[in-house]
Amino acid sequence: MAAGGKTLGFACICGQLRGELRDMSPAAYTHILCHCADCRSAYTHLGLADPEKVNILQTTQDRVHITQGGENLRVFRHTPRGALRWYATCCGTPLFHTPLKQRLVHVGMNADRLDQPDDAGRIMAEAFIPGPGGKQTHKGMVRMVSRMVSRMAAKNLSGEWRGTPFFGDDGAPTREPKLLTREERAAALMAVRK
Ligand SMILES: [Zn+2]
Ligand SMILES: [Zn+2]
């Protein structure tokens with residue numbers, strides 16, 4: 001089957017973990033910004049500064065290929081039902097977040113870690129934008145969700161949800177997710193500016 005799109009390289013901050021997003025046709029990904037405390041506290045938990053908004057390339061897990069340093073991949077979650085937050089343990093770079101279930105196929109990648117960040121293209125949606133009085137708003141969410149659902153449906157039909165860096169054939173995550181303690185979660189949230 002012909003690959004329909006470009007290949008985008010990525011790496012952790014120190015460069016030990018490297019990989020590629022393959023078959024990145026225009027429908028294969030959506031570039032968004034997320035302002036939510038969960039995304040931001042994934043950074044602060046790893047000892048990085050609060051990014052205030054997180055630059056995310058949404059795609060499907062089968063497109064992610066780790067080509068070097070895969071032994072550095074680790075995963076945690078903030079809460080028992082929270083997304084899996086995948087990172088490079090060599091240097092503490094947040095790299096991906098996935099749902100807990102393999103068949104959902106969705107992955108959000110840290111778009112700042114692309115070799116060419118401009119390849120993410122224009123921002124199509126923005127989530128949890130802080131507003132006056134603590135009120136949060138969203139932009140472009142209908143389009144974002146409909147693109148995500150189309151990708152999920154296509155990959156479930158084609159069976160391409162198997163054999164990704166994130167889940168084994170048994171459907172379990174390839175690394176044991178570490179559940180943050182209440183103290184760790186509180187500390188990560190404390191470092192997120194309100
Ligand atoms: Zn690294
Ligand atoms: Zn978020």
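Read the numbers this way: they start at 1 and go in the same order the structure lists the ligands and their atoms. Computation of the quantities below employed the complete heavy-atom set of this structure, encompassing side-chain atoms and omitting hydrogens, waters and symmetry-equivalent molecules.
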Asks: With rounding to 10 degrees, what does the angle C36:SG / the Zn ion (ligand 2) / C34:SG come to?
Replies: 110°

Asks: Using 2.8 Å as the threshold, say whether any N, O or S atom from H35 sits that close to the Zn ion (ligand 2).
Replies: no

Asks: State which residue, out of W86, Y87, F96, fulfils the side-chain contact (heavy atoms from CB on, under 4.5 Å) condition with V75.
Replies: W86

Asks: Report, rounded to 10°, the angle at the Zn ion (ligand 1) between the two atoms SG (C14) and SG (C90).
Replies: 110°

Asks: Would a 4.5 Å heavy-atom cut-off, applied to side chains only, mark H106 and T60 as touching?
Replies: no

Asks: Would you indicate whether the side-chain heavy atoms of Q61 and F167 approach each other to under 4.5 Å?
Replies: yes

Asks: When you compare the side chain of Q58 with that of C34, does any pair of heavy atoms fall below 4.5 Å?
Replies: no

Asks: Verify the distance test for H97 against the Zn ion (ligand 2): any N/O/S atom under 2.8 Å, yes or no.
Replies: no

